[in-house]
Q: 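This structure is in structure tokens; I'll ask about it shortly.
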Protein chains: 2
Amino acid sequence: MRHGILKALIFAVAQSVLCVEIVHAADPLPSWNDGAAKKAIVEFVSKVTKEGGPEFVPSAERIATFDNDGTLWAEQPMYFQLLFALDRVKALAPQHPEWKDKELFASLLKGDVKGALAGGEPAIFKIVMATHASMTTEEFEQLVTDWVATAKHPVTKRPYTEMVYQPMLEVLAYLNANGFKTFIVSGGGVEFMRPWVQKTYGIPPERVIGSSAKLRFDLRDGTPMLMKLPELNFFDDQAGKPVAIQTYIGRRPIAAFGNSDGDLQMLQWTCGGVGARFCMYVHHTDAAREWAYDRQSHVGQLDKGLGEAKTKGWTVVDIKQDWKTVFAFENP
Amino acid sequence: MRHGILKALIFAVAQSVLCVEIVHAADPLPSWNDGAAKKAIVEFVSKVTKEGGPEFVPSAERIATFDNDGTLWAEQPMYFQLLFALDRVKALAPQHPEWKDKELFASLLKGDVKGALAGGEPAIFKIVMATHASMTTEEFEQLVTDWVATAKHPVTKRPYTEMVYQPMLEVLAYLNANGFKTFIVSGGGVEFMRPWVQKTYGIPPERVIGSSAKLRFDLRDGTPMLMKLPELNFFDDQAGKPVAIQTYIGRRPIAAFGNSDGDLQMLQWTCGGVGARFCMYVHHTDAAREWAYDRQSHVGQLDKGLGEAKTKGWTVVDIKQDWKTVFAFENP
């Protein structure tokens, strides 16, 4: 009996030593080609986690923030949340006969999305408010959950939650394994993201920051509920991102990941701090496996940020060169 | 050598078995007298952490929210943040000669705090805006850090961070040890709380929700900074509390702790959910060791909430009866 315990213990110890070795030897970023971007990530993580090293950062302060659209998942041919809103317009149309004669909605219902969206941000705002408000937060959560489970991307015909960048999932897992606290800081709606982020990215809802509508607390027949109002509370883009980071997290990140000029201030704020910092732009350069766009794009425009990344020595990921795999479904 | 390893391993195993037993046997709430309140807390934690049990809640969903003033630390003779603001008025007076002839500030500088505060919330708002804004978030953080390190409570002459309720620190530690995520949801300013909550409560800054001023992101000679503006962003009180919980955390708590009518909606929202829930009011009943106040108080009024707690069967802590120790410094 005692001998059996000894054998079991020695086996357990040997196994854990073996496991540690395997973990150390494994490449934490297998979907990344060897190159400057991958090297920069690994070197940054190594130095801030090296206890006693000159650039060591305690785990509690290892805050990393990620944009979502175009950084963690795709954003073409248009923001996925807008595609959700367009599906909601179709679903709600029978309850809104007046939409047939109301411009914007009339165009959408005729299938002329391009015409409807020619109105730019005010048009998008109208569509979002008509489809995202005047219901409880729990009703909205259910709508998003159902949509994410069934809707398919118009080009790849894949569920939207498969349109996530495999190399970025690896970065998230790598940071989490190294004691970082990873947050999403997105211009997208916070209530739109929270129902699926845990399963898709391993990020819990309380680590998601986004744009939001005003909410109203109501007691309906004694039952408390939160109503989503058709009124913007906060637009989490551009200068709004560092503001939201301070308001929600209260610590300056040491690493930030974005892909557009909407992320520029978040990167400025992150890399403007003292000590080791890491700022990364994902540059969409691969028209074959994904989409290629930057300075002239209406979605995820990256113009000013590209210049600033060069000046400040931020890491710019060239998807075509740096990513072995873009989407996991490429390698069935 | 091999025999040495065996002995070491057996010792380690024996020791860990012993530790587990000690942990199980120890009272997690030693500053609580045995009674209904303590029993209710322990029973709630036991049932939601019992794997396979009918009321089990996965760790990720064990959200617990705590009011701060009057729930985690004291709030008499007035909110501590207001005492900080009054100290700032004195410190800033030389730079504001006009205050001598400006009512409210003139009264404060003459030492007539009661007269100045007779103006109620608008007066408090003016004092806070004059002392909390028009500086960067980092400058403000430094002011708070310095004040907390040096200022003393006017009655006990203790540092404010010693004016915390020992029984509530035990509840926080007990919940954290049982896989809960504990958050502060306070009417106090978020930037006022974050500099000291980690050390005082073991709660990291990103788990603090509070009232906030608007912030503006600026580049000053290329250096990014966040300016605190003299404008309210969000008032985290009453119906604002469930709104903030949804906006910041995105999950409904399963446990909530408060002490005033300002916490009522947070408790309604928490205990209005499906499944095991726990709502607790701290009732200030001990004029000897602390302060006794409730329905008629200007600070931390608890009137409507007391009635609702009774109707709904929420736990009401009677400080005089339920707490063996109020402040740790009572037991030197």
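Lettering follows sequence order; numbering is per chain, from 1. The figures here come from the full heavy-atom set of this structure, side chains too, leaving out hydrogens, waters and symmetry mates.
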Q: I'd like to check B:Ile63 versus B:Arg252 (side-chain heavy atoms, cut-off strictly below 4.5 Å). Are they in contact?
A: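 SC-SC contact between B:Ile63 and B:Arg252 ruled out.
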
Q: Measuring heavy-atom distances to chain A, does B:Glu191 have an atom under 4.5 Å in its side chain, in its backbone, in both, or in neither?
A: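 Just its side chain gets close to chain A.
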
Q: Begin from the C-alpha positions of A:Asp218 and A:Arg216 and carry the test salt bridge (charged side-chain N to carboxylate O under 4.0 Å, His left out) through to its verdict.
A: CA-CA 6 Å; A:Asp218 262 346; A:Arg216 191 184 63 226; 3.0 Å; yes

Q: Run the side-chain donor-acceptor check on residues 202-214 of chain A: report pairs under 3.5 Å with partners two or more places apart or on a different chain.
A:
| unit_1 | atom_1 | unit_2 | atom_2 | d |
| --- | --- | --- | --- | --- |
| A:Glu206 | OE2 | B:Lys181 | NZ | 2.3 |
| A:Ser211 | OG | A:Gly187 | O | 2.7 |
| A:Ser211 | OG | A:Asp236 | N | 2.9 |
| A:Ser212 | OG | A:Asn233 | ND2 | 2.9 |

Q: Less than 4.5 Å to any heavy atom of chain A: does that hold for the side chain of B:Gln238, its backbone, both, or neither?
A: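 Neither part.
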
Q: Look up atom CG in A:Asn259 and atom CZ in A:Phe66, then write down how far apart they are to the nearest 0.5 Å.
A: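 Spacing of CG (A:Asn259) from CZ (A:Phe66) equals 13.0 Å.
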
Q: Once rounded to the nearest 0.5 Å, what's the spacing between atom SG of A:Cys271 and atom CE of A:Met280?
A: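 Reported to 0.5 Å precision, the distance equals 12.0 Å.
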
Q: Do A:Trp147 and A:Trp196 have ring centres separated by under 6.0 Å?
A: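 Not close enough - the centres of the two rings lie 6.0 Å or further apart.
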
Q: Identify which part of A:Glu138 has an atom lying under 4.5 Å from any heavy atom of chain B, answering side chain, backbone, both or neither.
A: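 Side chain only.
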
Q: Going by residue number, which parts of residues 222-231 of chain A are within reach of chain B, meaning a heavy-atom gap below 4.5 Å?
A: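 Near chain B, by residue number: A:Pro224, A:Met225, A:Leu226.
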
Q: Below 6.0 angstrom between ring centroids: does that apply to A:Phe257 and A:Phe278?
A: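 So the answer is yes for these two rings.
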
Q: Of all of B:Thr137, B:Thr247, B:Val190, B:Leu215, which one pairs up most often with chain A through heavy atoms under 4.5 Å apart?
A: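 The answer is B:Thr247.
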
Q: Is a side-chain donor or acceptor of A:Asp261 paired with a backbone partner of A:Asp303 at a separation under 3.5 angstrom?
A: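 Yes, the answer is positive, given that a donor and an acceptor are paired below the 3.5 Å cut-off.
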
Q: Sort B:Phe183 into side chain, backbone, both or neither according to what part of it lies under 4.5 angstrom from a heavy atom of chain A.
A: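 Side chain of B:Phe183 only, per the 4.5 Å heavy-atom cut-off to chain A.
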
